[in-house]
Amino acid sequence: MRKITSILLLAFAFIALAKTSVVWENLGNNKDASNVAYYIQRFTVKGDIEKIDRLCFNQFARQMKPLNSADSVVEIVPGYYYVTSPQFGTNADSVVIDIRVKGTLAAICYAPDGIHTVDSRGLTSSVIYSRRSIIERPEQWSIEGKDRMPYGDEIYRFNESLDCDDSISVYDVIPSFKRVKLLGGYYKGDGEVKSNPITHENPEFYRITIAADSVLIEYASDKALNIANRVLTTHNYIPGDGSLLPCAVIEDYPDLPYRAVMIDIARNFQRVSDLQTVVQMLARYRLNTLHLHFCDDEAWRLEIPGLPELTNVGSRRGYTLDEHRHLVQIFAGNGDPNTAEGVANGYISRSEFVDFLRYCNEYGIDVIPEIESPGHARAAIKSMEARYRNTGDATYRLIEDGDTSRYTSAQAFHDNVMNPALPGPYKFMEKVIDEIIAMYHEAGAPLTAIHIGGDEVPRGAWNGSKTAKELINTQKLGGEKGLHAYFVRQLAKILSQRGIKMNGWQEIAVGHTSDYNNEIVPLVGGVNCWSTLPSHGHGGVTREAVSVGYPIILSNVNHFYLDMTYNYHPLEKGLNWGGTVDEFNSLAGYPAMLCPTDSDTPGQIIGISGHVFAETMRSFPQLQSFLLPKMLGLAERAWNNSETYTPSQFNNIICKKELPRLAVRGWNFHLRQPGIILENGMVKMNSPYPGAVIRYTLDGSEPTLKSAIYTEPFTTDATQIRACLFYLGKQSLTTLNNANK
């Protein structure tokens with residue numbers, strides 16, 4: 001009876017409506033007497049105070065200390081905290097908790113999320129959570145004396161540089177065609193579409209001849225035919241509605257065979273139906289590969305038959321202190337490991353994945369799965385530990401009893417690395433690889449490569465492992481880096497035996513011995529190089545990797561990390577540790593600039609890949625806004641390696657063609673901001689999109705659909721001018737004029 005009552009209490013706790021509200025605010029960035037940067041974040045809690053034992057929240061790992069010594073902040077894992085206060089459990093109307101946080105609050109994504117409460121029995125409840133504005137006062141966005149807010153005059157001048165009178169041809173598209181020859185006359189709109197295979201050195205070459213009474217597609221492969229047909233439908237080149245389409249010959253082919261976007265569904269989940277929309281986006285812009293990042297430290301999102309713990313434990317996140325049944329809550333959530341709301345929980349079943357592979361194949365999109373190893377493996381490690389506890393089966397254990405290694409990963413974890421000296425990691429990887437192969441076989445989809453990760457193994461990951469030390473000594477591996485290389489070599493053999501190429505991040509290709517490179521290079525399908533920083537004294541990382549023969553996929557953070565924020569506005573979603581990336585940064589990612597090569601270079605640039613890591617992702621519309629229009633620059637540069645459009649021409653096509661079409665399809669996208677400048681006593685505003693509406697306020701308040709519309713320059717005594725852009729049902733972030741500094 002007691003057990004049944006306990007289960008019912010848990011169920012009622014998870015479905016109970018939130019009666020507690022929490023308001024967060026940043027009181028301002030500061031420096032103390034020792035010149036250490038900090039800010040004070042305030043939680044104001046109202047509601048069922050008497051039922052609260054702990055207030056939990058997620059936030060990027062920071063050192064925190066409550067200002068009230070009676071309060072406390074406890075780190076459950078890096079990025080997940082709880083607050084206790086003697087005011088909790090009382091009849092207080094509200095509780096205010098001020099916490100000093102080391103560092104500065106750079107942008108909204110660094111603010112707390114995933115707020116929920118825990119009562120004295122350990123049961124969780126949702127809250128109504130809101131944040132106060134972080135653009136009310138300059139000290140909220142100034143960072144250690146530096147003000148990176150994009151103010152009105154800076155935006156005005158950039159918008160002005162995009163202003164061009166270039167007319168757009170019906171054949172000006174993204175990505176641009178290699179050649180278009182006008183024939184004279186117009187297509188009548190009712191001709192037959194014929195296709196004919198031809199021989200060409202580029203397997204994706206196609207030629208479309210649009211005559212007055214017919215359309216002929218000549219193609220070098222089925223993939224090329226697929227692309228050509230999509231071009232015709234995407235750009236309405238067979239309108240059939242009486243509109244005039246100039247007769248022309250289009251000749252087209254990509255400069256690079258690998259044109260990809262990586263979507264991270266591990267850190268925060270995206271459902272198959274939403275991934276199908278992403279596939280439509282890729283095909284629309286002639287990209288051909290989806291790099292699926294389905295597992296990482298924070299979750300495992302793909303069902304693997306025979307290893308149910310990977311999804312039973314590894315795909316569920318919520319409040320826990322031991323992670324025996326599910327992972328801790330990371331990034332966001334409401335404390336409930338079973339909720340289907342939000343992006344914290346969920347996985348793709350085997351049958352869903354098989355169907356998804358078929359769907360991708362129909363669109364001409366290859367899917368490359370990534371199995372993160374040996375680092376970034378926390379979800380797999382915790383899942384296999386749960387398996388061992390529950391069944392006694394140690395076959396797939398990934399860590400060693402008695403290991404005293406001490407390390408901190410790039411994401412601040414201390415327990416996220418497999419031990420390559422054990423048999424378990426290899427048996428685990430073989431099991432997962434074989435099950436994935438079976439899924440592709442059933443779907444009839446090509447498996448061109450499996451990505452093993454191989455990145456960001458922290459220093460000291462195995463310095464407390466007896467077994468690791470023994471293997472390093474017996475195999476003369478020379479230390480932990482040699483042990484990491486040993487692991488990569490074993491996985492390369494496992495994949496090679498199955499006829500599959502191995503992909504990985506740049507760590508698998510730089511700083512290794514010639515023996516290692518000679519063995520691994522022939523087995524590698526592609527290396528994602530994200531950094532241009534020097535490595536081991538040999539110049540840029542990408543240059544080093546290509547110089548020893550690796551096939552390189554350009555993935556530079558400052559051009560192709562699509563999860564980087566569009567600019568430094570504090571309310572822009574995304575991260576900015578690698579700078580900012582917008583559609584013009586991606587357009588400027590020329591391979592010859594990022595990694596110069598010549599005929600004597602052993603390796604080659606085989607592709608470009610954009611990457612969307614999901615730490616800050618909270619919804620599918622947000623993912624869409626990261627992709628669009630930022631992905632368009634990537635698509636242009638992956639298809640055409642040399643200069644095509646100028647930024648103003650590119651923006652003109654985006655504004656007049658692409659954004660209206662995206663709006664019709666119901667796809668979300670990002671809007672640039674309006675500019676504000678004071679010239680000769682007159683306030684001027686401008687937009688990067690002709691036809692967009694600018695609304696503004698003069699009292700420092702946020703513009704809305706009810707605010708005044710800018711039509712022409714005006715004079716005013718007001719100093720706190722703010723403006724927003726409204727276009728195609730979207731609203732931009734707020735632009736502040738310089739007087740707001």
Side-chain angles (χ1 to χ4, degrees), residues 107-109 135 141 148-164 166 168 174 285 558-559 561-574 576 579-589 610 621-636 645-663 667-677 684-696 702-705 707 709-710 721-738 740:
I108 194 64
C109 67
I135 59 169
W141 66 76
R148 300 192 297 181
M149 171 74 78
Y151 286 102
D153 59 343
E154 173 190 343
I155 299 172
Y156 188 96
R157 292 188 181 94
F158 185 79
N159 289 348
E160 200 171 37
S161 74
L162 298 177
D163 187 19
C164 70
D166 294 344
I168 297 177
I174 298 173
Y285 296 107
N558 50 350
H559 289 281
Y561 267 39
L562 307 183
D563 61 294
M564 292 294 109
T565 185
Y566 276 88
N567 59 51
Y568 286 115
H569 194 294
L571 295 181
E572 279 284 7
K573 300 291 179 63
N576 55 37
T580 64
V581 176
D582 64 10
E583 57 269 36
F584 303 109
N585 294 114
S586 55
L587 179 69
Q622 185 184 341
L623 172 59
Q624 291 176 299
S625 71
F626 277 2
L627 292 171
L628 301 170
K630 197 180 300 189
M631 188 177 77
L632 305 192
L634 163 76
E636 180 65 35
Y645 299 124
T646 65
S648 61
Q649 292 169 332
F650 191 64
N651 185 70
N652 208 17
I653 296 170
I654 288 175
C655 170
K656 295 178 180 178
K657 280 191 173 183
E658 296 305 323
L659 296 189
R661 288 175 178 172
L662 299 179
W667 291 353
N668 195 31
F669 51 86
H670 177 271
L671 279 187
R672 305 189 70 85
Q673 295 168 235
I676 308 173
I677 198 169
K684 296 182 178 180
M685 300 183 186
N686 67 358
S687 161
Y689 313 118
V693 174
I694 302 173
R695 293 183 180 270
Y696 67 93
E702 295 299 295
T704 69
L705 281 170
S707 300
I709 297 176
Y710 175 80
I721 305 172
R722 299 190 174 204
C724 285
L725 201 65
F726 293 82
Y727 186 51
L728 298 172
K730 311 294 180 187
Q731 178 178 348
S732 75
L733 293 181
T734 302
T735 300
L736 283 61
N737 71 321
N738 288 31
N740 283 274

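Here the structure is a predicted model, which is why all the values come from computation and not from measurement.
With I677 as the partner, the side chain to side chain contact (heavy atoms under 4.5 Å, CB included) test is satisfied by one option alone out of N686, D153, N738: D153.
Minimum heavy-atom separation, Y156 to M685: CE1-C, 3.8 Å. The minimum heavy-atom distance between N737 and Y151, with the atom names listed, is O-CD2, 3.6 Å. Nearest approach of P621 to N668, heavy atoms of both residues: O-ND2, 2.9 Å. The shortest heavy-atom contact between E583 and F650 is O-CE2, 3.8 Å. Closest approach of N740 and W141 over heavy atoms only: O-CZ2, 3.7 Å. The minimum heavy-atom distance between R722 and I135, with the atom names listed, is NH2-O, 2.9 Å.
Side-chain atoms of N651 do not come within 3.5 Å of backbone N or O of S648 as any donor-acceptor pair. Put simply, the side chain of H569 never gets that close to the backbone of T735: no donor and acceptor are under 3.5 Å apart. Under the 3.5 Å distance criterion, the side-chain polar atoms of T580 are left unmatched by any main-chain donor or acceptor of Y568. Counting only distance, with no hydrogens or angles, the side chain of K630 and the backbone of S586 share no donor-acceptor pair below 3.5 Å. At distances below 3.5 Å, at least one donor-acceptor pair connects side-chain atoms of H559 with backbone N or O atoms of N585. In this structure, T565 contributes its side chain and N576 its backbone to no donor-acceptor pair below 3.5 Å.
Geometrically, K730 engages F669 in a cation-pi contact defined by less than 6.0 Å to the ring centre and at most 45° from the axis.
In this structure, CZ in F158 is found 12.5 Å from CG in D163, a value given to the nearest 0.5 Å. A distance of 8.0 Å separates OG of S707 from CG of L705, quoted to the nearest 0.5 Å. In this structure, NZ on K684 lies 7.5 Å from OH on Y710, to the nearest 0.5 angstrom. Atom CZ of F584 and atom CG of L162 lie 4.5 Å apart (nearest 0.5 Å). Taking SG of C724 as the start and OH of Y696 as the end, the distance is 13.5 Å to the nearest 0.5 Å. Rounding to the nearest 0.5 Å places CG of L725 at 4.0 Å from OG of S687.
Taking 4.5 Å as the limit, some side-chain heavy atom of P690 sits within range of a side-chain heavy atom of C655. Considering only heavy atoms from C-beta on, P647 stays 4.5 Å or farther from S161 through its side chain. At a threshold of 4.5 Å between non-hydrogen side-chain atoms, the residues Y566 and P629 count as touching. With a 4.5 Å cut-off on side-chain heavy atoms, I108 and K573 count as touching. Within the 4.5 Å cutoff, side-chain heavy atoms of R672 are placed close to those of D582.
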**OP:** Take N652 and Y645 through the side-chain contact (heavy atoms from CB on, under 4.5 Å) test and state the conclusion after the steps.
**Re:** CA-CA 10 Å; N652 208 17; Y645 299 124; over 6 Å; no

**OP:** Take I155 and I676 through the side-chain contact (heavy atoms from CB on, under 4.5 Å) test and state the conclusion after the steps.
**Re:** CA-CA 7 Å; I155 299 172; I676 308 173; over 6 Å; no

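Note: Y727 and Y689 have parallel aromatic rings, judged against thresholds of 30 and 60 degrees for the angle between ring planes.
Remark: the H670 side chain and the E572 side chain contain an N/O donor-acceptor pair separated by less than 3.5 Å.
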